[in-house]
Amino acid sequence: MKKLFTKIAKDSMLLRKLIRKSAYYYRLVRYKLRGFGKSIDDRLIVLSSFTGEKYADSPRAIYEYMINSGEFDDYKFVWCFTEPDKYSFLLENKNTRIVKQASKEFEVVFATAKYWVCNHRVSLHRFPRKNQVFIQTWHGTPLKRLGFDIEKSNNENYTLDEQNKQYLIDAKKFSYLLSPSAFASEKFISAFALERLGKTDIIIEQGYPRNDELFSFDDNKVSSIKDALGVPHDKRVILYAPTWRDNQHTANEGYTYKTEVDFDRLKNELGDGYIILFRAHYFISNSFDFEKYSGFVYDVSKLDDINELYIIADMLITDYSSVFFDYAILRRPIIYYMYDFDLYKNEMRGFYIDIDELPGAIVKDEDGLIEEIKAADGFEYGEKYKRFNEKFNYLDDGRASERVVNMTIKQGN
């Protein structure tokens with residue numbers, strides 16, 4: 001019955017809008033009631049990464065900077081997770097507590113915390129009150145077009161007009177929006193229609209806090225991460241991190257992904273000198289069975305912080321994911337496996353940059369992929385790669401968290 005109702009709603013735009021509007025007003029009223037009569041706590045910060053799925057990214061970096069700096073011992077921190085029991089280690093900090101994503105307590109915290117620190121879009125019905133501060137850290141330099149910059153979309157859930165309205169609502173909530181570069185700032189202003197809203201001044205262009213860690217690791221850190229993952233120390237590590245596709249979505253499953261890599265061939269061609277870390281985008285709901293490739297392919301999709309994978313990876317293979325912007329900081333080989341390039345560019349999202357700017361080889365078939373993996377042994381950090389970092393990563397230096405906190409949270413004291 002549920003599947004039938006979902007199908008009818010999907011096929012009927014009018015019914016779909018009615019259901020969404022009804023759900024929105026129900027959640028809005030419930031949220032307001034849960035915060036009714038409760039004052040805002042000026043020393044309370046609520047944090048969330050990837051809609052509660054992970055302890056990672058810039059919210060994590062900002063949090064760890066604050067609890068270790070010694071300047072914020074009178075602040076309280078609340079982390080929101082879909083599986084809170086996994087993160088009980090955070091309670092070792094006496095000023096930190098954990099709430100379950102989408103619970104009553106979760107909504108009360110959002111209604112009363114002075115600061116929201118999130119790297120994702122929050123539910124439409126949750127809107128900051130007058131004296132609350134929403135620090136939107138976002139989650140990467142955009143390669144794919146966003147929001148108002150998308151000219152056509154294959155999104156199964158929303159029309160282009162519906163998507164734009166949601167981006168506009170998002171932008172109205174932001175007090176600050178973090179940016180790693182002038183390039184990203186320009187795209188965020190356009191994608192979120194900030195000029196139309198008179199909010200271009202909310203951009204904090206100081207680098208990404210999440211990348212601070214990429215400037216502070218050592219060989220001991222590399223060894224400890226490999227040991228924790230069970231990864232051998234004597235093999236070349238390939239991080240394969242593809243992104244999701246707008247048109248690969250079903251009402252019952254969500255976004256799914258089919259691995260378009262022949263792992264049998266890779267294993268035969270690369271021999272015993274390599275291992276692959278497979279990292280699916282957090283949107284992807286389907287699981288992957290790599291039992292057949294035990295010792296060669298490691299599924300690290302559930303690992304919270306991708307920085308650990310960057311640190312131990314000798315090279316990166318991706319497609320249209322923004323992971324390569326951050327990985328480029330390490331000045332290591334990047335390969336772009338774009339087997340569906342024409343479809344993706346012309347029928348889905350489109351890109352913000354010319355692919356000729358990318359600091360690595362672009363391949364569209366298995367032969368090219370294997371050839372470039374082998375060629376990476378002779379990698380040199382050349383002029384094209386340098387120009388890329390000078391345009392997109394010039395602000396990252398290991399101190400972005402400090403600058404962001406000084407310009408947002410300390411500013412509000």
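Scope of the values below: all heavy atoms of this structure, side chains included, with no hydrogens, waters or symmetry mates.
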Examine distances only and state if a side-chain atom of [X] and a backbone atom of [Y] form a donor-acceptor pair shorter than 3.5 Å.
X: Trp116; Y: Phe110; result: yes
X: Lys199; Y: Ala171; result: yes
X: Ser179; Y: Ser185; result: yes
X: Ser103; Y: Lys100; result: yes
X: Gln206; Y: Leu178; result: no
X: Ser321; Y: Thr318; result: no

Listed partners of [X] passing side-chain contact (heavy atoms from CB on, under 4.5 Å), at least two apart:
X: Arg332; result: Phe217, Tyr327, Leu330
X: Asn307; result: Glu213, Leu214, Asp305, Tyr310
X: Glu402; result: Tyr65, Arg399, Asn406
X: Lys32; result: Leu28

Quick one: does [X]'s side chain get under 4.5 Å of [Y]'s, heavy atoms only?
X: Val261; Y: Leu266; result: yes
X: Leu369; Y: Ile335; result: yes
X: Val133; Y: Lys114; result: yes
X: Trp138; Y: Phe192; result: yes
X: Asp326; Y: Ile306; result: no
X: Leu90; Y: Ile98; result: yes
X: Met315; Y: Leu239; result: no

Taking all non-hydrogen atoms of both residues into account, name the closest pair between [X] and [Y] and its distance.
X: Glu205; Y: Tyr394; answer: OE2-OH, 3.6 Å
X: Gly198; Y: Asp201; answer: O-OD1, 4.2 Å
X: Ile409; Y: Met66; answer: CD1-SD, 3.6 Å
X: Lys235; Y: Asp272; answer: CE-O, 3.0 Å
X: Ala400; Y: Asp397; answer: N-OD1, 3.9 Å
X: Val108; Y: Thr112; answer: O-OG1, 2.8 Å

Are [X] and [Y] an aromatic pair by the rule of ring centers under 6.0 Å?
X: Trp79; Y: Tyr55; value: yes
X: Phe72; Y: Tyr75; value: yes
X: Phe183; Y: Phe392; value: yes
X: Tyr320; Y: Phe351; value: yes
X: Tyr337; Y: Tyr339; value: yes

Walk me through whether Arg60 and Glu64 qualify under salt bridge (charged side-chain N to carboxylate O under 4.0 Å, His left out). CA-CA 6 Å; Arg60 174 178 178 169; Glu64 292 185 351; 3.0 Å; yes

Lys/Arg-Asp/Glu bridge criterion (N-O < 4.0 Å) met for [X], [Y]:
X: Lys292; Y: Asp264; answer: yes
X: Glu357; Y: Arg387; answer: no
X: Glu162; Y: Lys165; answer: no
X: Glu308; Y: Lys221; answer: no

Do [X] and [Y] pair up side chain to side chain, a donor and an acceptor below 3.5 Å, judged on atom types alone?
X: Asn393; Y: Tyr208; value: no
X: Asp299; Y: Ser301; value: yes
X: Ser49; Y: His120; value: no
X: Gln101; Y: Thr82; value: no
X: Thr137; Y: Asn119; value: no

Those residues that, when tested against Glu105, pass salt bridge (charged side-chain N to carboxylate O under 4.0 Å, His left out) (two or more places apart):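 For Glu105 the salt bridge (charged side-chain N to carboxylate O under 4.0 Å, His left out) partners, ignoring immediate neighbours, are Arg97.
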
Run the salt bridge (charged side-chain N to carboxylate O under 4.0 Å, His left out) test against Arg27 and tell me which residues pass, sequence neighbours left out.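 Partners of Arg27 by the salt bridge (charged side-chain N to carboxylate O under 4.0 Å, His left out) criterion come out as none, since no residue qualifies.
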
One pair to check against side-chain hydrogen bond (donor to acceptor under 3.5 Å, both in side chains): Tyr274 and Asp314. What are the steps and the verdict? CA-CA 10 Å; Tyr274 296 80; Asp314 295 295; over 6 Å; no

Show every ring pair (Phe, Tyr, Trp, His ring centres under 6.0 Å) that has at least one partner inside residues 364-385, sequence neighbours left out.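 Those involving residues 364-385 are Phe379-Tyr385, Tyr381-Tyr385.
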
Give a yes or no on this: more than 12 heavy atoms of other residues, nucleotides or ligands lie within 6.0 Å of atom CZ of Phe215.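 More than 12 heavy atoms, drawn from other residues, nucleotides or ligands, come within 6.0 Å of this atom.
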
Is atom NZ of Lys384 surrounded by more than 12 heavy atoms (other residues, nucleotides or ligands) closer than 6.0 Å?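 Yes, because the 6.0 Å sphere around NZ of Lys384 holds more than 12 heavy atoms from other groups.
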
If a pair satisfies side-chain hydrogen bond (donor to acceptor under 3.5 Å, both in side chains) and one of its residues is in residues 358-369, list it, with sequence neighbours excluded.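 Non-adjacent pairs meeting side-chain hydrogen bond (donor to acceptor under 3.5 Å, both in side chains): Arg265-Asp367.
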
Evaluate the ring planes of His139 and Phe50, with Trp represented by its six-membered ring, and classify them as parallel (under 30°), tilted (30 to 60°) or perpendicular (over 60°).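 His139 and Phe50: tilted rings.
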
Test of understanding: with ring-ring contact (aromatic ring centres under 6.0 Å, His included), list the residues that count as partners of [X], not counting sequence neighbours.
X: Tyr31; result: His125
X: Tyr352; result: none
X: Phe77; result: Tyr63

Provide the full list of salt bridge (charged side-chain N to carboxylate O under 4.0 Å, His left out) pairs with a residue in residues 172-188, sequence neighbours left out, each pair given once.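 Output for this query is empty, none listed.
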
Would you sort out whether Leu194 and Leu177 count as a side chain to side chain contact (heavy atoms under 4.5 Å, CB included), showing the intermediate values? CA-CA 10 Å; Leu194 296 182; Leu177 175 58; 4.2 Å; yes

What verdict does the ring pair (Phe, Tyr, Trp, His ring centres under 6.0 Å) test give for Phe324 and Tyr336, after you've listed the backbone C-alpha separation in whole Å, the side-chain angles of each residue and the deciding distance to 0.1 Å? CA-CA 9 Å; Phe324 68 86; Tyr336 301 88; 5.1 Å; yes

With a cut-off of under 6.0 Å to the ring centre and 45° to the axis, is Arg121 in cation-pi contact with Tyr167?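 The answer is yes; both the distance and angle limits are met.
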
Given Val117, which of Val405, Val404, Ile135 fulfils the side-chain contact (heavy atoms from CB on, under 4.5 Å) condition?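 Of all the options given, the one that passes is Ile135.
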
